[in-house]
Amino acid sequence: MNQDTPGLARPAAGRRGRILVVDDQPANIVVAHQILRERHDVFMATNGEQALEFCRATPPDMLLLDVEMPGLNGMDVCRRLKQDPMTQDIPVIFVTGLQNPQEEVACWEAGAADFVSKPVTPITLLNRVNAHLTLKFQADQLRVLAYHDGLTGIANRRNFDERLDKAWRHCQRARSTLALILSDVDLFKKYNDSCGHHAGDECLRQVASAIQDQMRRPYDLAARYGGEEFVCLLPETTLAGAVTVAIKIDAAVRALHIQHPASSVDVCVTLSQGVAVIEPDAGEDGERLLRLADDQLYLAKRTGRGRVCAV
């Protein structure tokens, strides 16, 4: 079947999908692979445990999932995927020979996006896969727009606020510390006035990228907090660890050598940074941590800028 086959839906922008085919019968996996391989990257798992491990390590764009498997069956796999925030948005298409309406209802309730009957018809499978991939890619793009800053590309304030709440509750349960770094580009208004707003935008993009590069763990977050302010959220981090990150951020921004002719701090763009670390308490929320970091940021500005202050 070539790419010009009439009646064949195509995923958004012709993008290849990453599809995990899960079936305890290798012959069924081979059939699905032959149908999908020209347009998509196809991976395989022969049981539910393998499928869950794959999805958590490298989430695919879609699952083609057999319902009846020994051990962890397809409905169990689907339920677990939908309960995990990291995998709940992966669409699941059940490939099944089920004819019982009650069993179909159970699959819908488990979180299925669609069904394909066995034995599969190639054009039906391709159309179902492409249609749901298009919806998935569009939803992914909307999430990026909703949770990322349009200028710098890093997380936005909304993203940060949600992550702060989750990190606060996580560290409270784990009885571990939560660190936060507030960074402000020194004398940014003067930079804009002397270099122009186009240069100011480019400066913020480069600073954001330098800050993002210092987030070394998957659960660390760098976000644009507003204007020329940035924030870093570091769960399970000590004061010494957070100060070390702030010092690395300072060095990375200075290494950009962005000339700041109107600065009284240095010849290049610098940051003032406030660092705060606490062990979350049940009677409070992340606003306390923000206030502590903001107090330290104010101290850094008041005592000369271009420095890190911490509590």
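Start at 1 with the first residue, then count along the sequence. Bear in mind that the values here come from a model prediction, so they are computed numbers and not experimental data. All heavy atoms count here, side chains included; hydrogens, waters and symmetry mates do not.
Smallest separation of non-hydrogen atoms from A45 and A51: CB-N, 3.8 Å. For the pair L204 and G227, the tightest heavy-atom approach, listed with the atom from each and the gap, is CD1-O, 4.0 Å. Heavy atoms only, all atoms of each residue included: A208 and I154 are closest at CB-CD1, 3.9 Å. Taking both residues in full, the closest heavy atoms of I90 and P59 are given as CD1-CB, 4.1 Å, listed atom of the first, atom of the second, then distance. Here the closest non-hydrogen pair linking V277 and L239 is CG2-CA, 3.6 Å. Summarising the geometry of Q273 relative to A246, their closest heavy-atom pair is NE2-O, 2.8 Å, with the distance given to 0.1 Å.
Residues L292 and Q296 have side chains not in contact (no heavy-atom distance under 4.5 Å, counting atoms from C-beta outward). Put simply, the side chain of L126 reaches to within 4.5 Å of the side chain of I35, judged on heavy atoms. S176 places a side-chain heavy atom less than 4.5 Å from the side chain of E236. In this structure the side chain of V22 reaches within 4.5 angstrom of the side chain of M69, judged on heavy atoms. Using a 4.5 Å heavy-atom cutoff, the side chains of V231 and I181 are not in contact. Looking at heavy atoms from C-beta onward, L164 lies in side-chain contact with L290 at the 4.5 angstrom threshold. When side chains are defined from C-beta on, L52 counts as touching V77, because their heavy atoms get closer than 4.5 Å. The shortest side-chain heavy-atom distance between L20 and M44 does not fall under the 4.5 Å cut-off.
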Task: Working for salt bridge (Lys or Arg N to Asp or Glu O under 4.0 Å), residues R216 and D220 - done: CA-CA 7 Å; R216 302 298 170 86; D220 293 338; over 6 Å; no
Task: Residues M75, C107; criterion side chain to side chain contact (heavy atoms under 4.5 Å, CB included); working and verdict - done: CA-CA 6 Å; M75 282 189 282; C107 290; 3.8 Å; yes
- [ ] For salt bridge (Lys or Arg N to Asp or Glu O under 4.0 Å), just list the numbers for R18 and D61, CA-CA rounded to whole Å, side-chain angles, deciding distance to a tenth of an Å, and then say yes or no.
- [x] CA-CA 5 Å; R18 298 178 70 255; D61 294 312; 5.8 Å; no
Open item on the list: Could you go through C78 and V92, starting from their C-alpha distance and side-chain angles, then the distance that decides it, and tell me whether this counts as side chain to side chain contact (heavy atoms under 4.5 Å, CB included)?
Closed with: CA-CA 7 Å; C78 190; V92 175; 4.0 Å; yes
TODO: Go through the steps for H148 and N159 under the test side chain to side chain donor-acceptor pair (under 3.5 Å), then give the verdict.
DONE: CA-CA 7 Å; H148 288 77; N159 194 336; 4.7 Å; no
Task: Working for side chain to side chain contact (heavy atoms under 4.5 Å, CB included), residues D24 and N47 - done: CA-CA 6 Å; D24 62 313; N47 59 60; over 6 Å; no
Open item on the list: Working note: N28 + D23, criterion side chain to side chain donor-acceptor pair (under 3.5 Å); need CA distance, chi angles, decisive distance, verdict.
Closed with: CA-CA 7 Å; N28 293 332; D23 199 304; 3.3 Å; yes
- [ ] Show your working on side chain to side chain contact (heavy atoms under 4.5 Å, CB included) between L182 and Y225 and close with a plain yes or no.
- [x] CA-CA 8 Å; L182 271 179; Y225 194 63; 4.1 Å; yes
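Between D201 and R205 no salt bridge is recorded (no basic side-chain N to carboxylate O distance below 4.0 Å). The residues R16 and D41 are annotated as salt-bridged, a charged nitrogen and a carboxylate oxygen being separated by less than 4.0 angstrom. By the 4.0 Å N-to-carboxylate-O rule, D294 lies too far from R291 to be salt-bridged with it. A salt bridge does not link D84 to R80: none of the charged side-chain nitrogens sits closer than 4.0 Å to a carboxylate oxygen. E162 has a carboxylate O that lies under 4.0 Å from a charged side-chain N of R158, or vice versa, which qualifies the two as a salt bridge. No salt bridge links D193 with K190; every basic N to acidic carboxylate O contact stays at or beyond 4.0 Å. Salt-bridge check for K118 with D66: passed, with a basic side-chain N closer than 4.0 Å to an acidic carboxylate O. Classification of R157 and D161 as a salt-bridged pair holds, one side-chain N sitting under 4.0 Å from a carboxylate O. Between R169 and D165 there is a salt bridge, since at least one side-chain N of the basic residue sits less than 4.0 Å from a carboxylate O of the acidic one.
A side-chain donor-acceptor contact under 3.5 Å links R217 to the backbone of P235. Remark: side-chain polar atoms of D184 are not paired, donor with acceptor, to backbone N or O of L297 under 3.5 angstrom. Within the 3.5 Å criterion, the main-chain N or O of I29 finds no donor-acceptor partner in the side chain of H33. Side-chain N or O atoms of R128 include one that pairs as donor or acceptor with a backbone N or O of F115 at under 3.5 Å. Judged by distance alone, with hydrogens and angles left aside, the side-chain atoms of S263 form a donor-acceptor pair with the main-chain N or O of D266 at under 3.5 Å.
Here the straight-line distance linking atom CZ of R56 with atom OG1 of T87 works out to 7.0 Å at 0.5 Å rounding. For the atom pair D281 CG and E279 CD, the distance stands at 8.5 Å (nearest 0.5 Å). For the atom pair NE2 of H260 and CD1 of I258, the computed distance is 10.0 Å after rounding to the nearest 0.5 Å. We find the CD1-CZ distance between I247 and R307 to be 13.0 Å, quoted to the nearest 0.5 Å. Distance check, rounded to the nearest 0.5 Å: OH of Y147 to CG of N156 gives 8.5 Å. Separating the CZ atom in F188 from the CG atom in L271 is a distance of 11.5 Å, to the nearest 0.5 Å.
Using modelled atom types, one finds a donor on one side chain and an acceptor on the other under 3.5 Å when comparing N130 with H40. Residues D186 and T270 bring a donor and an acceptor atom of their side chains to less than 3.5 Å of each other. Side chains of S272 and R302: no donor on one and acceptor on the other come within 3.5 Å.
No chain of hydrophobic side-chain contacts below 4.5 Å, direct or via other Ile, Leu, Val, Met, Phe, Trp or Tyr residues, connects L187 to V267. L234 and Y219 fall into different hydrophobic clusters, where Ile, Leu, Val, Met, Phe, Trp and Tyr are joined by side-chain heavy atoms under 4.5 Å apart, directly or via other members. Hydrophobic clustering (side-chain heavy atoms under 4.5 Å, transitive across Ile, Leu, Val, Met, Phe, Trp, Tyr) keeps L180 apart from F230. Neither L233 nor I211 shares a network with the other; the hydrophobic side chains, linked directly or stepwise wherever heavy atoms of I, L, V, M, F, W or Y lie under 4.5 Å apart, form separate groups for each. Grouping the Ile, Leu, Val, Met, Phe, Trp and Tyr side chains by contacts below 4.5 angstrom, directly or via other members, places V207 with V245.
E53 CD: 12 or fewer foreign heavy atoms inside a 6.0 Å radius. Shown here is E68, whose CD atom has no more than 12 heavy atoms of other residues, nucleotides or ligands within 6.0 Å. Shown here is K248, whose NZ atom has no more than 12 heavy atoms of other residues, nucleotides or ligands within 6.0 Å. For E284, the CD atom is densely surrounded, since the number of other residues' heavy atoms within 6.0 Å is greater than 12.
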